[in-house]
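Working notes, structure below.
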Amino acid sequence: MQYWLFKTEPDEYSLQDLANAPQQTDMWDGIRNYQARNFLRDKVAEGDRVLMYHSQCKNVGVVGIAEVVRAAYADPAQFNQESKYYDGKATLESPRWFCVDIRFVSQFNQVVSLKSIKAHPELQQMVLVKQGRLSVQPVTAQEWQLIEHLGR
DNA sequence: GCCAACGTTGGC
DNA sequence: GCCAACGTTGGC
């Protein structure tokens with residue numbers, strides 16, 4: 001079992017949206033970055049746990065936890081010409097982009113802000129701190145435990 | 001809305 | 001395969 005951090009813009013899709021979804025489960029799609037895609041396709045597994053991170057908003061940081069309930073499959077949006085995630089170079093035989101399904105687990109009592117993460121000596125090695133722009137990234141068990149503790 | 005950091009594209 | 005130009009992410 002591995003730990004991850006997924007970023008989302010709450011104006012587009014928030015943790016609350018996931019909590020409100022049927023069975024509190026939804027497709028995590030629209031990932032269009034190769035490094036993030038490779039993690040999704042090759043590493044993210046059913047049962048893995050995910051820190052849900054809100055970017056581009058007032059209170060930037062980790063807001064809660066989700067769980068992976070289905071491992072990678074072809075992101076249907078890449079085949080949909082109506083979608084902003086359409087990719088004409090993707091084919092059914094060789095899809096280019098992947099998505100997973102996640103289920104809501106919990107919402108933190110308080111947001112673990114990016115500021116507090118950056119201020120914490122034990123969290124300096126987080127991908128979030130070192131490489132700002134990756135939307136799917138691995139988290140260590142130590143980082144996970146500390147952030148979960150800070151959010152409670 | 002600005003802008004730094006980083007990713008992608010495309011000419012050569 | 002290099003690298004300049006351009007596009008996107010994301011904090012502030």
Side-chain angles (χ1 to χ4, degrees), chain A residues 2-21 26-44 48-68 71-102 104-140 142-152:
Chain A
Q2 297 210 71
Y3 297 108
W4 303 96
L5 181 146
F6 288 2
K7 281 184 193 171
T8 183
E9 298 178 26
D11 288 345
E12 293 239 336
Y13 194 97
S14 69
L15 182 62
Q16 197 55 51
D17 291 330
L18 181 63
N20 293 339
D26 217 337
M27 187 190 300
W28 198 253
D29 63 353
I31 300 297
R32 293 294 181 271
N33 166 285
Y34 286 104
Q35 210 181 341
R37 189 279 309 266
N38 292 346
F39 280 131
L40 269 190
R41 185 189 58 189
D42 305 332
K43 304 285 188 196
V44 175
D48 284 359
R49 296 251 152 169
V50 183
L51 292 174
M52 300 299 288
Y53 178 92
H54 280 178
S55 66
Q56 315 252 54
C57 59
K58 281 237 170 93
N59 203 355
V60 167
V62 179
V63 294
I65 293 169
E67 175 187 12
V68 178
Y73 57 101
D75 181 345
Q78 70 194 306
F79 309 121
N80 176 8
Q81 292 194 38
E82 311 284 300
S83 170
K84 67 170 177 172
Y85 297 120
Y86 176 70
D87 185 339
K89 289 177 182 164
T91 64
L92 284 167
E93 293 73 32
S94 93
R96 183 182 285 206
W97 306 111
F98 292 81
C99 60
V100 298
D101 289 351
I102 58 173
F104 176 83
V105 173
S106 66
Q107 183 151 27
F108 287 164
N109 289 322
Q110 54 182 358
V111 176
V112 180
S113 68
L114 179 62
K115 198 177 168 188
S116 65
I117 289 170
K118 284 182 169 170
H120 214 293
E122 291 176 66
L123 297 175
Q124 294 310 297
Q125 295 308 309
M126 280 191 77
V127 181
L128 184 70
V129 175
K130 297 175 74 175
Q131 184 184 348
R133 295 184 52 185
L134 190 57
S135 59
V136 172
Q137 51 179 267
V139 171
T140 69
Q142 290 77 14
E143 290 161 356
W144 176 281
Q145 280 162 21
L146 182 49
I147 287 177
E148 197 180 20
H149 175 74
L150 294 171
R152 261 199 303 263

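Every heavy atom of this structure was used, including side-chain atoms; hydrogens, water molecules and symmetry mates were not. Everything numeric here is computed off the predicted structure, so don't read it as measured data. Residue numbering restarts at 1 for every chain, and letters A, B, ... go by the order of the sequence lines.
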Margin query: Of the listed nucleotides (dG11(C), dG7(B), dG10(C)), which one gets closest to any side-chain atom of Leu114(A)?
Written below: dG11(C)
Checklist line | Which nucleotide in dG10(C), dG7(B), dC12(C) has an atom nearest any side-chain atom of Lys118(A) | finding: dC12(C)
Which whole-number value in Å describes the distance from [X] [atom1] to [N] [atom2]?
X: Ile117(A); N: dG10(C); atom1: CD1; atom2: P; value: 14 Å
X: Arg32(A); N: dG7(C); atom1: CZ; atom2: C1'; value: 16 Å
X: Asn59(A); N: dG10(C); atom1: CG; atom2: P; value: 17 Å
X: Tyr34(A); N: dT9(C); atom1: OH; atom2: C1'; value: 17 Å
X: Met126(A); N: dG10(C); atom1: CE; atom2: P; value: 14 Å
X: Asp87(A); N: dT8(B); atom1: CG; atom2: P; value: 12 Å
X: Lys130(A); N: dA4(B); atom1: NZ; atom2: P; value: 23 Å
X: Leu134(A); N: dG11(C); atom1: CG; atom2: C1'; value: 16 Å

Sequence neighbours excluded and cut-off under 3.5 Å, please list the side-chain donor-acceptor pairs for residues 130-138 of chain A, or say none.
| unit_1 | atom_1 | unit_2 | atom_2 | d |
| --- | --- | --- | --- | --- |
| Lys130(A) | NZ | Gln125(A) | OE1 | 3.1 |
| Gln131(A) | NE2 | Gln35(A) | OE1 | 3.1 |
| Gln137(A) | OE1 | Leu128(A) | N | 2.7 |
| Gln137(A) | NE2 | Leu134(A) | O | 3.0 |

Check: Of Gln56(A) and Arg133(A), whose nearest nucleotide on DNA chain B comes first from the 5' end?
Finding: Gln56(A)
Item checked: First of Lys89(A) and Asn33(A) reached from the 5' end of DNA chain B, by closest nucleotide -> Asn33(A)
Give a yes/no answer on whether the side chain of [X] brings an N or O atom under 4.0 Å of OP1 or OP2 in [N].
X: Tyr53(A); N: dG11(C); result: yes
X: Lys7(A); N: dG10(C); result: yes
X: Gln35(A); N: dC6(B); result: no

Checklist line | Gap separating the CG atom of Asn33(A) from the CH2 atom of Trp97(A), nearest 0.5 angstrom | finding: 7.0 Å
Next item on the list: Report which part of the nucleic acid Glu9(A) touches: base, sugar-phosphate, or nothing (heavy-atom distance under 4.0 Å, all strands).
Entry: nothing
Check: For the residue pair Trp144(A) and Arg49(A), what are the closest heavy atoms and their distance?
Finding: CH2-CB, 3.4 Å
Margin query: For Arg41(A) and Tyr34(A), which I'm curious about, is there any donor-acceptor pair between the side chains at under 3.5 Å?
Written below: no
Note to self: Is any side-chain heavy atom of Ile31(A) closer than 4.5 Å to one of Phe39(A)?
What the structure shows: no
